[in-house]
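Numbered from 1 within each chain, the chains take letters A, B, ... in sequence-line order.
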Protein chains: 2
Amino acid sequence: MMAKGKLSDRQRRMLEFIQTHGREHGYPPSIREIGRAVGISSTSVVNYNLNRLVEEGYLDRHQNVSRGIRLTDKLGDAASRLADVVRVPLVGRIFASEPVLLPSTDAPMFGADEAIEITRGLLPVHEGLFALQVKGDSMIDAMVGDGDIVVMRRQPDWRNGDMVAVWLRSKEETTLKHIYKEGARIRLQPANPTMKAIYVDDAADVEVQGKVMLVVRQLH
Amino acid sequence: MMAKGKLSDRQRRMLEFIQTHGREHGYPPSIREIGRAVGISSTSVVNYNLNRLVEEGYLDRHQNVSRGIRLTDKLGDAASRLADVVRVPLVGRIFASEPVLLPSTDAPMFGADEAIEITRGLLPVHEGLFALQVKGDSMIDAMVGDGDIVVMRRQPDWRNGDMVAVWLRSKEETTLKHIYKEGARIRLQPANPTMKAIYVDDAADVEVQGKVMLVVRQLH
DNA sequence: ATTCTAGCGGAACATCCGTTCTATGTCAAG
DNA sequence: CTTGACATAGAACGGATGTTCCGCTAGAAT
């Protein structure tokens, strides 16, 4: 006998199929389609197990409605919750030796064939974002390595402690640093606590290109 | 006459209804439901306008399938691209001084109330994943800082060059390193190229806890 | 042994639903 | 005015789909 709260193998496969079918087709499967997929010849058996899944809280059903099935979020299935994503254009690369290439227009994604998708929950803001891929090992003091993707927000203003991409005019160099205003001068603090800060006397020498919101490193 | 590429008021309302219906019920509306919602008595008229919307690229339709409608992303609707998300349980924290806390069961998300959502495109695999938040600055040689989130895959085997979380039995220490087998001994290479590798003579001394797939750093 | 329940299979049924056909009206082009 | 494309309405048809009923089996409970 099947213990309460447990799912049979068939029921697990049914859930998985409903999940997959919804993702691939945009609508739920019919009873007969479910039966065909998991190897049940009788529609009444599919119906029976669907009702069991409703009892266990995995499904909602609408009576007398074709494909009237909805997955609940009991499985933690992403498709059932409104976790939508933000599409961030990948506008280029970032070197130490060049200023940040800012997106030329504010028109979102216009002509940007490359982009990465980030779930909304990972980002505090969702507008004015763009992404750059770091080239080379020059940003190691910011704990950012070769190939890492930096998601930034285009904004000229900043607050103490923000991590920003700055272009140092005198050095002709782009770096990622935490920025602090200390009286007349500006302190640029590496994220790596074992490294020392840089002090800039002339505030006009630092050009803030954007505020870093997220760093993503993909390992293969 | 209706200009090419333009939508009539009816068609706009149809699109909006299909969108809303999908969000509220989990499945698309039938032709008659659409007609009722936008004030069309004839099913053939709804059918006609649906085909027009397909021509304009707003819809996909499956023939002879009830509710066989899917919205394309032409409207920029987030709901149409909300399926590509993987939910990764955030099972704990990772210290240098303790072994990695592995998820006790393989049952997905069991009891894990905390989780992060990652878009599928960012991860090469979507199973057996769990996430840990790094506590402290002890992983700086892996370019991983305090508060960073490490997404790992539970797997005992590894290949040369993989970045893995290892527990060094003799040192009683957890680190994140690139791992290489060099003859009898094992080389553990920090991600930071300015730092030196560690060599372990006894292969039994290293216990691979998981393979690192992704590192995410959120700046506030 | 008997009873009861969970689970399965098959068939019949009513309805839901997409498709198709015919008819009507509108409006601009000829 | 005539023509033709476009849009709409209504009705009918057939297949798709959910529901229900009956019978069967295996195993646990009595």
Would you mind reading off the distance between [X] atom [atom1] and [N] atom [atom2], rounded to a whole angstrom?
| X | N | atom1 | atom2 | result |
| --- | --- | --- | --- | --- |
| B:L53 | D:dC6 | CG | P | 16 Å |
| A:L59 | D:dG18 | CG | P | 13 Å |
| A:N47 | D:dA16 | CG | C1' | 16 Å |
| B:Y48 | D:dA5 | OH | P | 12 Å |
| A:N51 | C:dC8 | CG | P | 13 Å |
| A:I31 | C:dG9 | CD1 | C1' | 15 Å |
| B:I69 | D:dA16 | CD1 | C1' | 15 Å |
| A:R10 | C:dG7 | CZ | C1' | 8 Å |

Do the side-chain N or O atoms of [X] get closer than 4.0 angstrom to the phosphate oxygens (OP1, OP2) of [N]?
| X | N | answer |
| --- | --- | --- |
| B:S42 | D:dG10 | no |
| B:S66 | C:dG18 | no |
| A:R61 | D:dT19 | yes |
| B:N64 | C:dG18 | no |
| A:R67 | D:dG18 | no |
| B:R52 | D:dC6 | no |
| B:R36 | C:dC16 | no |
| B:N49 | D:dT8 | yes |

Within 6.0 Å of [atom1] in [X], more than 12 heavy atoms from elsewhere:
| X | atom1 | result |
| --- | --- | --- |
| A:E16 | CD | no |
| A:E127 | CD | no |
| B:E182 | CD | yes |

Short side-chain to backbone donor-acceptor contact, B:R10 and B:N49, under 3.5 Å:
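No; zero donor-acceptor contacts below 3.5 Å.
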Under a 3.5 Å distance rule, please check whether A:S42 uses its side chain to pair with a backbone N or O of A:S44 as donor and acceptor.
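Looks like yes, one N/O pair under 3.5 Å.
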Check nucleotides 23-26 of chain C for protein N or O atoms closer than 3.5 Å to its own N or O atoms and list the pairs.
none

Any N or O donor-acceptor pair under 3.5 Å from the base of [N] to the side chain of [X]?
| X | N | result |
| --- | --- | --- |
| B:S41 | D:dT8 | no |
| A:S44 | C:dG10 | yes |
| B:R32 | C:dG18 | yes |

Out of D:dA9, D:dA11, C:dC17, which nucleotide sits closest to the side chain of B:T43?
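Shortest atom-to-atom distance from the side chain points to D:dA11.
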No-hydrogen, no-angle side-chain donor-acceptor test under 3.5 Å, B:R61 and B:N47
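Indeed, the side chains of B:R61 and B:N47 share at least one donor-acceptor pair under 3.5 Å.
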Is A:E33 paired with A:R67 through a side-chain N to carboxylate O contact shorter than 4.0 Å?
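Here A:R67 pairs with A:E33 in a salt bridge, since their nearest N and O are under 4.0 Å apart.
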May I ask you to check if B:R185 and B:Y199 form a cation-pi contact, with NZ or CZ under 6.0 angstrom from the six-membered ring centre and within 45° of the axis?
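Geometry flag: set, cation within 6.0 Å and 45°.
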